[in-house]
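Everything on this sheet refers to the single structure shown next.
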Amino acid sequence: MLMNTFFKTQILADAHETACQLAKELIHYFKDQISQRKNIYIALSGGTTPQILFSIISSEYSGAIDWSRLHFFWVDERCVPPSSDESNFGIADRLLFSRIDIPRENLHPIHGDNDPVKEADRYAGEILAHVPVNDRYPVFDVILLGMGNDGHTASIFPGQNDLFNTSSICAVSLHPLTGQKRITLTGNVINNASNVMFLITGNSKAQLLKSILGNSFESGNYPAQQINQSNGQLFWYLDKEAAALL
Ligand code: 6PG
């Protein structure tokens, strides 16, 4: 595995500075990969944390690269229509993709308004039709993850660690509190990626990060603790509030 020097685990002053640094490093990496005439395959998470990252990229870097070499997928999606303000694709489209010159065919959203079981199957097929495969699973160049206050990541929630063992590429999961259906990449796909970065900010994540990354390491079963690529690199982009107890 080629260790790349584009990314680095780091703690920055606040959510904006953390997102700015990650945006800068992502664009640098994309430029390098494009210069090697390679298409780049990225899977984005949703939630609130990455929204600042999407806004920074669209406002600061819209003209920085040839977006036609990048293909964007989603780590997970809520089973809602793209017009919903809960839609991970809808949010990213409104904040980023509608503001940069990227061919629409380079966007590969999960169709949240389709039948979930059929959509998980369809989406897996779309991934396999585009993303290179190694060791039976697609290899994303970059996967951006967040972490919920319960230690979930993607839409793999506590108690659903079987989604780290399945050979399926995608799965239907349920939010444990709301019962909302989700479609998610499975653990083996995430752990097959070349670069995975957690973007985690805010004091609400501090206690959990202490459990997951701190000296008081609990050998817990949080899904966010199961991210450990065999052939890739894992990075943490944290602000001071989230890292306060480390
Ligand atoms: C989602 C995300 C999910 C998210 C965490 C953190 O669909 O909600 O993919 O995994 O990354 O829930 O969400 P916040 O950034 O809103 O805290």
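Ligands are counted one by one from 1 in listed order, and the atoms in each one are counted from 1 as well.
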Arg78 side-chain N/O to Glu86 backbone N/O, donor-acceptor pair under 3.5 Å: yes
Please tabulate, one line per pair, the protein N or O atoms found under 3.5 Å from any N or O atom of ligand 1, giving the distance to one decimal.
residue: ligand 1; atom: 7 (O); partner: Asp76; partner atom: OD2; Å: 3.1
residue: ligand 1; atom: 7 (O); partner: Arg78; partner atom: NE; Å: 2.9
residue: ligand 1; atom: 7 (O); partner: Asn88; partner atom: ND2; Å: 2.9
residue: ligand 1; atom: 8 (O); partner: Arg78; partner atom: NH2; Å: 2.7
residue: ligand 1; atom: 9 (O); partner: Gly46; partner atom: N; Å: 3.2
residue: ligand 1; atom: 9 (O); partner: Asp76; partner atom: OD1; Å: 2.7
residue: ligand 1; atom: 9 (O); partner: Asp76; partner atom: OD2; Å: 2.8
residue: ligand 1; atom: 10 (O); partner: Ala154; partner atom: N; Å: 3.4
residue: ligand 1; atom: 10 (O); partner: Ala154; partner atom: O; Å: 2.6
residue: ligand 1; atom: 12 (O); partner: His152; partner atom: NE2; Å: 2.7
residue: ligand 1; atom: 15 (O); partner: Thr48; partner atom: N; Å: 3.4
residue: ligand 1; atom: 15 (O); partner: Thr49; partner atom: N; Å: 2.9
residue: ligand 1; atom: 15 (O); partner: Thr49; partner atom: OG1; Å: 2.5
residue: ligand 1; atom: 16 (O); partner: Thr48; partner atom: N; Å: 2.8
residue: ligand 1; atom: 16 (O); partner: Thr48; partner atom: OG1; Å: 2.8
residue: ligand 1; atom: 17 (O); partner: Lys205; partner atom: NZ; Å: 2.7

Glu126: partners by salt bridge (Lys or Arg N to Asp or Glu O under 4.0 Å), with sequence neighbours left out: Arg122
The single option from His108, His71, His130 passing ring-ring contact (aromatic ring centres under 6.0 Å, His included) against Tyr41: His71
Phe235-Phe198 aromatic ring centre distance below 6.0 Å: no
N-O pairing of Asp93 and Arg104 below 4.0 Å: yes
Flag, side chain of Asn88 to backbone of Trp74, donor-acceptor distance under 3.5 Å: no
